[in-house]
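Please read the structure below before turning to the comments.
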Amino acid sequence: MGKQILLGVTGGIAAYKSAELVRELRRQGHEVQVVMTSGARAFVQPLTFQALSGHPVRESLLDPEAEAGMGHIELAKWADLVLVAPASADIMAKLACGLADDLLTTVCLATEAPIALAPAMNQAMWRNARTQRNRSLLVEDSQFRLWGPEAGDQACGDTGPGRMLEPEVLVQEVAALQEQPLANLRVVITAGPTREALDPVRYISNHSSGRMGFALAEAAAQQGADVTLVAGPVEQPTPTGVTRIDVTSAREMKNAVDWAVAAGTDWFIATAAVADYRPLAIADQKMKKQAGADAPVIELEENPDILAGVAGRTEQRPLTIGFAAETRNLADYARDKLSRKGLDLIVANDVSTPGLGFNSDSNAVEVFWGGGSERFEARPKRELARDLIRLFHSHQNSRPA
Ligand code: C5P
């Protein structure tokens with residue numbers, strides 16, 4: 001179905017390819033309006049885009065005549081998708097900061113539509129740590145998608161990453177964005193820590209932030225899945241379109257999962273850091289320190305293994321995916337867990353690397369399954385979540401019906 005696409009063109013030699021992009025998008029049935037920055041006008045004439053899009057080109061935020069036609073807020077609301085191609089290092093920096101100092105940046109701040117960027121710049125500018133920091137910020141923001149750049153020969157004579165993706169590839173990305181590959185798929189995900197009470201005010205728990213599970217829930221929901229997220233106590237906003245069930249202890253988490261799985265689910269993804277043990281007895285009243293007495297001994301009993309329970313189901317068994325946080329012998333422990341718990345896949349991460357894994361925004365993992373493995377180098381958890389969902393989907397497709 002044709003979409004209303006607002007194409008932002010910023011300054012860069014790749015701007016001439018955007019003319020072809022407008023033609024391709026219209027050929028696919030999309031309606032296109034173009035906003036150019038002042039830098040873009042140095043490369044391509046607005047008239048070119050006007051002729052190809054069939055709409056006057058918008059260039060200025062403070063043009064009373066243009067605003068009288070379609071104001072910038074209306075333009076922001078009109079768009080089903082904002083596509084910025086080429087996206088310069090400058091616009092990436094502005095968008096990462098939320099600046100609104102010209103028409104394009106203002107529309108990007110005012111729109112609720114997804115914003116896709118097709119970066120194009122010199123390879124050294126792309127590699128620069130400041131650009132990479134802006135890239136990470138944008139990838140972490142669920143409104144943005146980054147398409148490309150690719151590596152190759154550059155107009156300036158350099159070779160390296162920074163070439164804008166070709167118009168036909170960008171058109172394919174637009175088509176893929178509209179697809180909902182996980183439509184009708186039901187997914188249950190556990191996330192966060194559990195808390196095991198000792199008395200009314202104290203508990204045993206761990207440092208899990210829940211970020212990986214929430215990112216997976218968001219990625220699956222964005223691709224059309226019906227997602228139930230069973231969350232331990234965490235400070236994370238519920239992703240759009242996700243049904244959240246808040247729980248505290250491992251036993252509550254198990255009840256919620258068993259109920260959701262029995263209602264029918266296609267995938268079960270266990271990212272929660274479930275406490276292996278809970279106090280045998282929970283004191284009714286706050287335990288008091290007793291002067292001169294020995295320190296209390298806390299007796300523990302084992303919690304149920306939620307994941308192994310789902311994996312062991314004989315009926316209505318979903319594709320079952322576990323997570324393993326290890327500090328050594330990653331592959332051996334992960335493979336052992338895969339077979340011991342009877343899982344389809346296990347995502348293993350080395351939590352001994354500073355800045356990765358537990359309580360961090362980035363993660364590097366290796367995924368193991370019966371017939372193989374795949375490594376995902378360090379990347380923001382949101383990006384990793386999308387990559388993992390894609391991998392799980394390929395396993396879903398190869399399951400016997
Ligand atoms: O055995 P270990 O705790 O390392 O296994 C980790 C995996 O098992 C994770 O996917 C975790 O969510 C799940 N798990 C569970 N219930 C438990 C313990 C772990 O679902 N009681």
Side-chain angles (χ1 to χ4, degrees), residues 187-197 203-217 220 227-234 236 244-262 265 267-280 300-313 317-352 357-359 363 365-370 373 376 381 384-385 388-389 391-392 395:
V187 178
V188 176
I189 302 175
T190 64
T194 62
R195 272 184 196 165
E196 310 300 329
Y203 55 79
I204 297 174
S205 191
N206 60 67
H207 292 297
S208 169
S209 65
R211 259 176 259 182
M212 194 66 236
F214 276 66
L216 284 164
V227 182
T228 302
L229 179 61
V230 182
V234 287
Q236 300 282 345
R244 174 173 180 168
I245 304 175
D246 283 314
V247 296
T248 305
S249 68
R251 282 189 293 181
E252 279 173 32
M253 186 175 272
K254 181 175 167 53
N255 285 342
V257 166
D258 287 348
W259 171 83
V261 171
T265 191
W267 296 1
F268 175 62
I269 309 174
T271 72
V274 184
D276 289 327
Y277 298 97
R278 63 174 179 271
L280 184 60
L300 300 173
E301 66 180 326
E302 204 172 332
N303 264 329
D305 192 313
I306 304 167
L307 177 61
V310 174
R313 286 178 75 94
R317 182 187 176 282
L319 183 81
T320 307
I321 301 142
F323 272 66
E326 305 292 352
T327 52
R328 61 198 166 99
N329 297 346
L330 189 80
D332 290 346
Y333 285 142
R335 283 213 175 277
D336 172 61
K337 220 165 270 182
L338 182 76
S339 65
R340 198 161 32 83
K341 298 200 186 201
L343 311 178
D344 296 299
L345 296 111
I346 191 150
V347 182
N349 61 325
D350 182 348
V351 286
S352 65
F358 249 32
N359 236 332
N363 212 357
V365 300
E366 190 158 0
V367 186
F368 300 89
W369 57 93
S373 68
F376 295 84
K381 281 182 179 170
L384 178 64
L388 290 175
I389 292 289
L391 178 73
F392 301 160
H395 281 262

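Position 1 is the first residue of the sequence, and the numbers go up from there. Both ligands and their constituent atoms are indexed starting at 1 by order of listing. Just so it is clear, the structure is predicted and the values come from calculations on it, not from any experiment.
Looking only at side-chain heavy atoms (C-beta outward), Ser209 and Val234 stay at 4.5 Å or farther from each other. Side-chain contact between Leu384 and Met212: present, with at least one pair of heavy atoms (C-beta onward) separated by less than 4.5 Å.
Remark: the backbone N or O of Thr194 is paired with a side-chain donor or acceptor of Ser205 at under 3.5 angstrom.
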Nitrogen or oxygen contacts under 3.5 Å, ligand 1 side and protein side:
| unit_1 | atom_1 | unit_2 | atom_2 | d |
| --- | --- | --- | --- | --- |
| ligand 1 | 1 (O) | Lys341 | NZ | 3.0 |
| ligand 1 | 4 (O) | Lys337 | NZ | 2.5 |
| ligand 1 | 5 (O) | Lys341 | NZ | 2.9 |
| ligand 1 | 8 (O) | Lys341 | NZ | 3.1 |
| ligand 1 | 10 (O) | Ala270 | O | 2.6 |
| ligand 1 | 10 (O) | Phe323 | N | 2.8 |
| ligand 1 | 10 (O) | Phe323 | O | 3.2 |
| ligand 1 | 12 (O) | Ala270 | O | 3.4 |
| ligand 1 | 12 (O) | Ala272 | O | 2.6 |
| ligand 1 | 16 (N) | Ile306 | N | 3.0 |
| ligand 1 | 20 (O) | Leu307 | N | 2.9 |
| ligand 1 | 21 (N) | Pro304 | O | 2.8 |

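Heavy-atom minimum distance, Ala275 versus Glu196: CB-CG, 3.5 Å. Minimum interatomic distance between Phe323 and Leu388 (heavy atoms only, all atoms of both residues): CZ-CD1, 4.3 Å.
Separation of atoms CZ (Phe376) and CG (Leu391) is listed at 4.5 Å; rounding is to 0.5 Å.
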